[in-house]
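Structure first, commentary second.
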Amino acid sequence: MRSRFEGWCAVIEVKTLSAYEILDSRGQPTISVVLELTNGVVARSGVPSGASTGSQEAVELRDGDLMRYAGRGVLRAVEHINGEVAGHLCGRDFASLADLDEALLKLDGTANKERIGANAIIGVSMAAARAFAETEGRSLWRSLTPGGVEPRLPVPHFNIVNGGAHAPNSLDFQEFMIAPLGARNFAEAVRAGAEIYRVLRGELQSRSLGVGLGDEGGFAPEIGSPEAVLELLVDAIESAGYETGFDGVMIALDPAANGFYRDGMYHVDGEKLSSDQMVERYFEMIERFPIWSLEDGLAENDRDGWLHLTDRLSEYVQLVGDDLLVTNPTIIAEAIERKMGNAALIKPNQIGTVTETLEAMRICRDAGWSQMVSHRSGETIDSFIADLAVGAGCGQIKSGAPARGERVAKYNRLIEIEATNALPYGRAK
Ligand code: PGA
Ligand code: ZN
């Protein structure tokens, strides 16, 4: 059944490749891929999809046929997989995932994967990564671990209040996350997240604020002020019996500032702030609340603002670039050079292959930048990012609230990895 081995390096031969259109967690079409090898291995993947996307992301191919799913169908991308991608890969040997991904890039031939579609390409790449791991007889996370890197269980960042593009409320900031940095292990971190989530629900109810959910499973109460949400979060952490701090639970923000940046100003809770004023607002929040990480605090086009933000805040908090960096190795290298931020969000579908994702993470590691592996707001039950986070040893992941199946699939996979392997927990040092 097994194919040829060279140490850990398996050679795989693709037998069949197929894809079909499924639904993501928002009820929108996405892609499911099935890859079969001649050695009998069958590997699958489900492709995630974002709602608040960076302008430089690899192109997600949508049909645009308004008679189906309001134009959001992915049948063209599916046909590309079943047709030319299958034709290109089937019957061929690949000695590594990098080789296979390279073949995909060459076949597409565009800089941003717009021809075949990054959603099609990442689906094949993720299934192929699993096929290699399975052929090697290793767990996916182990097969994704680069030489010299210590795998570890990441600190989960539970997004428990949703706003911005992920909820219909009037909250401009997109994500309010709790991060149990001081937990003993991953299972205890999950417990803290779930207990605080439950207490927060009760507190929202007692204040007659809604307990409806946003796209990532966090509550979407009708609150406009980010500071008011932060107060609620600190109350919930403490009422659940936890302490704030690096030995306890900290807060991470993803305002996703692209979403409230208009005409050169930041529109927050009815106020219009300049870039400098926005940075000072963050400074005050960081002084007042136990915030340890700030993602996309400014818009991707506000590049001077990012330089100022980094200058002003990098000694106090992690400054994560998501829409700014889009998991793109070239863009990340440039940001490192220019000192824009000090950490990268890592979303495989933003760049479109697993190999390029690993390259983005390597560049960060080499520069001493932190990385946070991330889901998308539209998800499937595929838990690929859980293995990616462990294997890359970056020590941070965000996968939404500790609720809703597609979010919990990742956290549960991490619980499984921890239960069956002796691995350290926490941020990479
Ligand atoms: P998205 O947002 O998946 O909707 O793009 C997630 C994020 O901004 O981190
Ligand atoms: Zn983000």
Side-chain angles (χ1 to χ4, degrees), residues 24-28 30 46-60 62 72 118-119 122 154 156-169 171-179 213-218 220 226 251-261 282 291 293-302 306 309 317-328 331-332 335 340-352 357 360 370-380 382 384-385 388-389 394 396-401 404 406-407 410:
D24 73 13
S25 55
R26 262 194 289 256
Q28 298 208 11
T30 188
V47 176
S49 171
S52 75
T53 50
S55 66
Q56 305 293 312
E57 292 193 23
V59 174
E60 180 179 74
R62 296 275 176 189
R72 305 283 295 163
N119 45 349
I122 192 63
H157 289 66
F158 299 107
N159 180 7
I160 61 174
V161 173
N162 294 183
H166 296 164
N169 56 5
L171 187 58
D172 302 294
F173 282 19
Q174 183 177 279
E175 302 174 21
F176 293 79
M177 294 171 273
I178 48 170
L213 303 181
D215 288 353
E216 297 190 349
I251 293 173
L253 292 177
D254 177 9
N258 275 357
F260 53 89
Y261 186 60
Y282 289 132
I291 295 168
S293 179
L294 174 63
E295 174 184 331
D296 282 353
L298 297 178
E300 60 169 286
N301 295 331
D302 184 7
W306 265 95
L309 176 85
V317 284
Q318 171 175 272
L319 296 167
V320 186
D322 170 16
D323 294 341
L324 180 76
L325 306 175
V326 294
T327 319
N328 184 310
I331 298 176
I332 291 173
M340 283 175 133
N342 56 29
L345 202 72
I346 300 292
K347 292 167 164 171
N349 83 321
Q350 271 183 330
I351 184 66
T357 305
S370 303
Q371 308 124 61
M372 187 189 291
V373 169
S374 171
H375 66 154
R376 300 306 304 247
S377 51
E379 269 293 340
T380 73
D382 189 325
F384 189 93
I385 57 163
L388 175 65
C394 65
Q396 299 182 45
I397 193 169
K398 68 170 191 175
S399 178
R404 293 182 47 149
E406 77 283 0
R407 312 294 147 188
K410 284 67 164 173

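Basis for what follows: all heavy atoms, side chains included, without hydrogens, waters or symmetry-related copies. Whatever order the structure lists ligands and atoms in, that order sets their numbers, starting from 1.
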When you measure from the Zn ion (ligand 2) to the N, O or S atoms of [X], does any of those distances fall below 2.8 Å?
X      : value
Asp323 : no
Asp296 : no
Glu175 : no

Within a strict 4.5 Å, meaning less than it, do heavy atoms of the [X] and [Y] side chains meet?
X      : Y      : answer
His166 : Ser377 : yes
Leu213 : Asn162 : no
His375 : Lys347 : no
Ser55  : Glu300 : yes

Using only heavy-atom distances, determine whether the side chains of Gln174 and Ser52 contain a donor-acceptor pair under 3.5 Å.
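Yes - a donor-acceptor pair under 3.5 Å links their side chains.
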Determine whether the side chains of Asn159 and Glu216 contain a donor N or O and an acceptor N or O closer than 3.5 Å.
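Yes - a donor-acceptor pair under 3.5 Å links their side chains.
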Check each of Glu295, Met372, Gln174 against atom 8 (O) of ligand 1 and report the one with the nearest heavy atom.
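The residue whose heavy atom sits nearest atom 8 (O) of ligand 1 is Gln174.
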Select the closest option to atom 3 (O) of ligand 1 among Ala51, Ser377, Ser374, judged by heavy-atom distance.
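Result: the heavy atom closest to atom 3 (O) of ligand 1 is in Ser377.
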Any non-hydrogen atom of Ala256 lying under 4.0 Å from ligand 1?
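Outside the 4.0 Å threshold, so no.
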Heavy-atom nearest neighbour in the protein, as seen from [atom], with distance rounded to 0.1 Å:
atom                   : value
atom 6 (C) of ligand 1 : Lys347 NZ, 3.3 Å
atom 9 (O) of ligand 1 : Lys398 NZ, 2.6 Å
atom 5 (O) of ligand 1 : Arg376 NH2, 2.6 Å

Answer side chain, backbone, both or neither: which part of Asp323 comes under 4.0 Å from ligand 1, heavy atoms only.
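Within the 4.0 Å criterion, Asp323 makes no contact with ligand 1.
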Quick one: which ligand 1 atoms are inside 4.0 Å of a heavy atom on Ser52?
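Within the 4.0 Å cut-off of Ser52, ligand 1 contributes 1 (P), 2 (O), 4 (O), 5 (O), 8 (O).
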Can you check whether Gly27's main-chain N or O pairs, donor with acceptor, with Asp24's side chain at less than 3.5 Å?
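Judged by distance alone, yes, a pair lies under 3.5 Å.
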